[in-house]
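In what follows, a structure is listed as structure tokens, so that the remarks can point back to it.
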Amino acid sequence: MLAFMDSIKGDLSPVVVPPKGAMEMEDILKRATDSVLFGKAQPDAAAKTFLTEADNALS
């Protein structure tokens, strides 16, 4: 097994870890979009909410 892993290690790409909170961005954007589409918020208010939530998730 070790010999096999050594033989392919040059073909493997490095593991890239996304920044903290990056995995939450899709959910945050969907909530903001849905709030506009369903008339629960105006676009400018939804954008401000999105930016606040995104900033909190990434900090």
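What you see below is based on every heavy atom in this structure, not just the backbone, and it leaves out hydrogens, waters and symmetry mates.
- Listed by first and then second residue, the salt bridge (Lys or Arg N to Asp or Glu O under 4.0 Å) pairs that reach into residues 50-59 are Arg31-Glu53, sequence neighbours excluded.
- What you find for Ala32 and Ala46 is that their closest heavy atoms are O-CB, 3.7 Å.
- Applying the salt bridge (Lys or Arg N to Asp or Glu O under 4.0 Å) test to pairs two or more places apart or on separate chains, none has a residue in residues 41-50.
- Judged as a side chain to side chain donor-acceptor pair (under 3.5 Å), and not counting sequence neighbours, the contacts of Lys30 are Asp34.
- In terms of heavy atoms, Leu58 sits closest to Met25 at CG-CE, 3.9 Å.
- Among residues two or more places apart in sequence or in another chain, the side chain to side chain contact (heavy atoms under 4.5 Å, CB included) test is passed with Ala45 by none.
- Each side chain to side chain donor-acceptor pair (under 3.5 Å) pair with one or both residues in residues 10-27, not counting sequence neighbours, would appear here, but there are none.
- Note on Ile28 and Met23: separate hydrophobic clusters, where clusters join Ile, Leu, Val, Met, Phe, Trp and Tyr whose side-chain heavy atoms are under 4.5 Å apart, directly or indirectly.
- Applying the side chain to side chain contact (heavy atoms under 4.5 Å, CB included) criterion to Leu29, with sequence neighbours excluded, gives Thr33, Phe50.
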